[in-house]
There are 2 protein chains.
Amino acid sequence: MDTPEQFQEKCATVFHPELRKNKELERFRVSVKNENALTIIEALSALAQPTRLGVFRALVAVEPQAIPAGELARRSVVPQNTMSAHLAVLMRAGLVASERRGRSILYRASLPAFQALVTSLVRDCCDGRPELCAPLLSQFSPCHVSKGALP
Amino acid sequence: MDTPEQFQEKCATVFHPELRKNKELERFRVSVKNENALTIIEALSALAQPTRLGVFRALVAVEPQAIPAGELARRSVVPQNTMSAHLAVLMRAGLVASERRGRSILYRASLPAFQALVTSLVRDCCDGRPELCAPLLSQFSPCHVSKGALP
DNA sequence: TACATATATCCACTAATCTGGATATATGGA
DNA sequence: TCCATATATCCAGATTAGTGGATATATGTA
């Protein structure tokens, strides 16, 4: 099991917004042989299920804290083994990280992976089309302005 | 069939970032009885398939232009009826709009719906947690700066 | 009206996903 | 060492998703 830092670095390398670099617009069925594409789809699939979306949201909400698997199961009101299966899906998609502490395994959200997913999706908007991006950015301006975090 | 403008307005009302308003963090299995949650999951599911993700990307790339169903099928290298089924999924998720012109049915991306999806996802980041949002925003700064579109 | 073109729908098959009881594995404590 | 606790894994059944041939429907043209 990686340290949290190591895991975060690993997740940061999962997604590479390279899809649009190879100009496959003429053949836009995303090839499943393309690692990046499969990972994006895997991540979308992982979140496209009620229990898993709820779990991911809860983990993001408490980040950088972690929640034990059993606790996630209880709060989701699903059997322990079902939650284990769900967490495995999120793990495989790189959206969560886990760490064993005694008898418990704690899970936390991987924000870099989430960031990469959103970036990959929004890339469609920004890539040479800033006029499409601006309305999207405006959604976050209350958050943005409040911290004056403009780089 | 709605006009493009009417359809865009309709899509803009599909997503409401209300989930986190009702403080269901203690019960974070997203209820399928909640319309908004089902739509988010439907949208994620719709994009979590290679052909459909590719189609959506292509449509976003040419927005506000539209592409006929047959053209989408040819360029995706899938049979016509398979593409029709995929487009139906995207339609049901509200991510695309269609309009018949003669024998063809043209499809275009619904950017408001896409925006709402991303907003809903990123809401997890921004909602009272701007320090989590800033790194995400920095991803778009090249795009942002180039147009000086800060609201 | 007949034929052509474009695309949705039907239908059936296969594969994948979800779910939960049962069991295996890992760790803690007496 | 034995028992308890936490959770992953196994297994099977039910459900859903993806796919493509065949057919139905909608529109265009002569």
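Here is the naming used below: chain letters follow the sequence lines, and residue numbers restart at 1 for every chain.
- Counting any heavy atom pair closer than 4.0 Å across all strands shown, R52(A) reaches sugar-phosphate atoms only and no base atom.
- The nearest whole Å value for the distance from the OH atom in Y107(B) to the P atom in dA6(C) is 15 Å.
- Rounded to whole Å, the distance from CD on Q80(A) to P on dT23(C) is 15 Å.
- Rounding to whole angstrom units, CG of residue N81(A) and P of dT9(D) are separated by 12 Å.
- Under a 3.5 Å cut-off, the side chain of S120(A) and the backbone N or O of A116(A) do not form any donor-acceptor pair.
- In this structure, CD of Q49(B) is placed 12 Å from P of dA17(D), rounded to the nearest angstrom.
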Checklist entry - When you look at I105(B) and S98(B), which way does the side chain to side chain contact (heavy atoms under 4.5 Å, CB included) test go after all the steps? => result CA-CA 6 Å; I105(B) 300 182; S98(B) 66; 3.8 Å; yes
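- Among dG28(C), dT7(C), dT27(D), the nucleotide with an atom closest to any side-chain atom of R103(A) is dG28(C).
- Comparing S45(A) and P68(B) by the nucleotide of DNA chain C whose heavy atom lies nearest to each, the residue mapping closer to the 5' end is P68(B).
- Counting to the nearest Å, the P atom of dT19(C) and the CG atom of L87(A) are 13 Å from each other.
- Nucleotide dT16(D) holds its P atom 19 Å from the NE2 atom of H86(B), rounded to whole Å.
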Next on the checklist: Apply side chain to side chain contact (heavy atoms under 4.5 Å, CB included) to residues V55(A) and S76(A) and explain how you reach the verdict.
Outcome noted: CA-CA 8 Å; V55(A) 164; S76(A) 301; 3.8 Å; yes
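- Nearest-nucleotide mapping onto DNA chain D: of S104(A) and A85(B), the residue sitting toward the 5' end is S104(A).
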Item to check | From CA spacing to verdict: side chain to side chain contact (heavy atoms under 4.5 Å, CB included), Y107(B), M91(B) | outcome: CA-CA 9 Å; Y107(B) 289 82; M91(B) 285 280 288; 4.0 Å; yes
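- Here dA6(C) presents its C1' atom at 16 Å from CD of E99(B), a figure rounded to the nearest Å.
- In this structure, the CD atom of E71(A) is 13 Å from the C1' atom of dA6(D), given to the nearest Å.
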